[in-house]
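Structure first, commentary second.
Below, each value reflects all heavy atoms present in this structure, side chains not excepted, and no hydrogens, waters or symmetry copies. Keep in mind that this is a model prediction, so the values were computed, not measured. Throughout, protein chains are lettered first and strands after them, A, B, ... in sequence-line order, and every chain is numbered starting at 1.
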2 protein chains.
Amino acid sequence: MVDVARRAGVSLKTVSRVINNAPHVQQQLVDRVLAAATELGFRRNHLASSLRSGQATATVGLLIEDIANPFYATIAGVVAEVARQHDTLLIIASSEEDAEREERLLRDLCSRRVDGLIVVPAGYDHAFLRPEVELGTPVVFLDRPAGGLLADTVLLDNRGGARAGVQRLIEAGHRRIGILLDSIGVYTMRERLDGAQDALAAAGVGYETRLVRDGIRDPVGAAAAVADMLDRPDPPTGFFSLNNRITLGVVEELWRRRSDAALVGFDDFEVAHLVPRPLTVIAYDTRALARTAAELLFQRVSGNPSWPRTIVLPTELVERGTAA
Amino acid sequence: MVDVARRAGVSLKTVSRVINNAPHVQQQLVDRVLAAATELGFRRNHLASSLRSGQATATVGLLIEDIANPFYATIAGVVAEVARQHDTLLIIASSEEDAEREERLLRDLCSRRVDGLIVVPAGYDHAFLRPEVELGTPVVFLDRPAGGLLADTVLLDNRGGARAGVQRLIEAGHRRIGILLDSIGVYTMRERLDGAQDALAAAGVGYETRLVRDGIRDPVGAAAAVADMLDRPDPPTGFFSLNNRITLGVVEELWRRRSDAALVGFDDFEVAHLVPRPLTVIAYDTRALARTAAELLFQRVSGNPSWPRTIVLPTELVERGTAA
DNA sequence: GGGCGCGGTGACAACGTTGTCAGCCTACCG
DNA sequence: CGGTAGGCTGACAACGTTGTCACCGCGCCC
């Protein structure tokens, strides 16, 4: 910038004014400076700018589990789009469900002075973020609540959705319902399981531990669990799967056996209408979820100081034929 | 930092040394400084650090079409993982296939002094990046070549893959092969179409324009095109689809009509084995593609100055039964 | 005993930008 | 014709950190 100033025969400050097209600069000088800048290949240093002005790195951080997962990729896409509307770039970091790594990444993002953070938490303690929040970095939690920190949060109605799904199976006459979940350690899984239990209890159907399978990581594991349950005495006549990876495995196994057991799955997925039997699922609007969080964040960034909110978005039972 | 120094009764520089755990500091002072830092809630300012030291923002930029697309999400995941191994964060920006937006985003990333860039180009002229490259910002192009700029590039063997796919259809006896593609404006589509033509020419099969459909954006469009082609005289007996979104539409339409027309699709996809007929596809290792680019980038970042390379990764014909 | 090397520390400038303020000039008003 | 308001410009400090260099004191060697 000092070089540009010398070349244009003006002061450093005038160059700064031109670059930021501030008012009160003669057109003639503007032209001279611009010419000098392009001749010298001037490249503004965004770092120095945000260092000096103290705020506005025009960057927000998004912390998720795994960017390659379509759910998070959708979220990232929406957040990036909202960010773009605010002329802001997005740093995306994946925690891989590791609380320690999550903390490291969040601290790193803060040390980069991001204007705000959207976090899908992996850990259970986010108290370490309190200083940052108090010093003015807004944080919005997405899909799961924060631990030990009062902050804006946008959630799905996991419990209500699961309740509706299991209720539907019960209405169709099922009493032995196999429930498959990823990990009871994950907030959404706990909520969904609670919802399923709500529905069972409300219908006076007993909750049988043998019908609940935890720790199912992938479609293969799901298929194996289904096979095992079906091969035992008093097999389930219906299945409730708590996420779409599991649902996929259940579908595969049922199809392999030509079983007509009922199935309701949490999470919709793109090819749900293409698989052998069209699937009944608990669907929700992932994009709306992300958009809500992102818009809330940018409200905070632009200074809305109201009390932290928790927003719960609805889920919907989409019937496509496998509930009966 | 100056506050920490005062509190610990040492100089500013000693604090800096402790924070960066530089050698030659008495353990006693280290402890005092660390204590003071935590008491005051010291938060290192990464911006100021990279401004002063001139290099090492520990950030790389990834420019893709659309983060919500699974192909790019996979790439982003791999790049983020490689970046993490180098203690580097990732700024992801989506060009939405808009060359102007691409340029704006790349300039913005450069003004943030990222350590390097991985670009899936949307535009055709990247000469504007030359000053940045010359000033030491490595750029690796991914999946499509750069325009007007000599730079590292990692590509797929689109042409070879398409050639193999069409050749397989020809071997199965097909002579009228419907070819469906997104947009001839996209590099990969042109390459794949060229490969298809190679195979047709090599087999002495005439290239009929009526059998090629351009501008197919989504599965619905693909289904409509297939329907139209099948309803005309001399319909194709086989289809070659140039990306997986199109393939999905073709599958739907063929299934709807219970047609047993052959189909080979470019791009594998997760549920390729679940759809009504298991699909024969041209597959490739997206993760390897991304990993190659990311590792090449970090080689450059750490100073490997050799001549820009172009790496072409192979594709593979995966037969699952729809080629005949 | 003087010189030398080295571990340990601090003063100071610098990175590239922007905020503050002072100062210039012109125009306009009384 | 003096005063003043306001458009326009520049000098300077500051943002928070790190690189450079100088300095001090100690132990060691000749």
From [options], nucleotide with atom closest to [X] side chain:
X: B:Asn45; options: D:dG7, D:dT20, D:dT17; answer: D:dT17
X: A:Val25; options: D:dT18, D:dT9, D:dC15; answer: D:dT9
X: A:Leu51; options: D:dC15, D:dT17, C:dT18; answer: D:dC15

Pick base, sugar-phosphate or nothing for [X], based on heavy-atom distances below 4.0 Å to the nucleic acid.
X: A:Ser49; result: sugar-phosphate
X: A:Arg44; result: sugar-phosphate
X: B:Thr14; result: sugar-phosphate
X: A:Leu29; result: sugar-phosphate
X: A:Val2; result: nothing

SB check [X] [Y] (cutoff 4.0 Å):
X: B:Asp108; Y: B:Arg112; answer: yes
X: B:Arg101; Y: A:Glu81; answer: yes
X: B:Glu191; Y: B:Arg144; answer: no

Tell me: [atom1] of [X] to [atom2] of [N], nearest whole Å?
X: A:Leu40; N: C:dG16; atom1: CG; atom2: C1'; value: 15 Å
X: B:Lys13; N: C:dG8; atom1: NZ; atom2: C1'; value: 13 Å
X: B:Asp3; N: D:dT17; atom1: CG; atom2: P; value: 10 Å
X: A:Arg113; N: D:dG16; atom1: CZ; atom2: P; value: 8 Å

- [ ] Output every pair passing side-chain hydrogen bond (donor to acceptor under 3.5 Å, both in side chains) with a member in residues 284-295 of chain A, not counting sequence neighbours, ordered by first then second residue.
- [x] A:Asp267-A:Tyr284
Open item on the list: With nearest nucleotide decided by heavy atoms, which residue, B:Gly9 or A:Ile19, maps closer to the 5′ end of DNA chain C?
Closed with: B:Gly9
Open item on the list: Heavy-atom nearest nucleotide on DNA chain C for B:Ser53 versus B:Gln26: which residue maps closer to 5'?
Closed with: B:Gln26
Open item on the list: Between C:dG10 and B:Arg17, counting only base atoms on the nucleotide and side-chain atoms on the residue, is there a donor-acceptor pair under 3.5 Å?
Closed with: yes
Open item on the list: Would the base of D:dT18 count as contacting B:Arg52 through its side chain, where contact means a donor and an acceptor less than 3.5 Å apart?
Closed with: yes
Open item on the list: Looking at A:Ser302 and A:Phe298, would you say the former's side chain and the latter's main chain have a donor-acceptor pair under 3.5 Å?
Closed with: yes
- [ ] Answer yes or no: does a side-chain N or O of B:Ser16 lie under 4.0 Å from OP1 or OP2 of D:dT17?
- [x] no
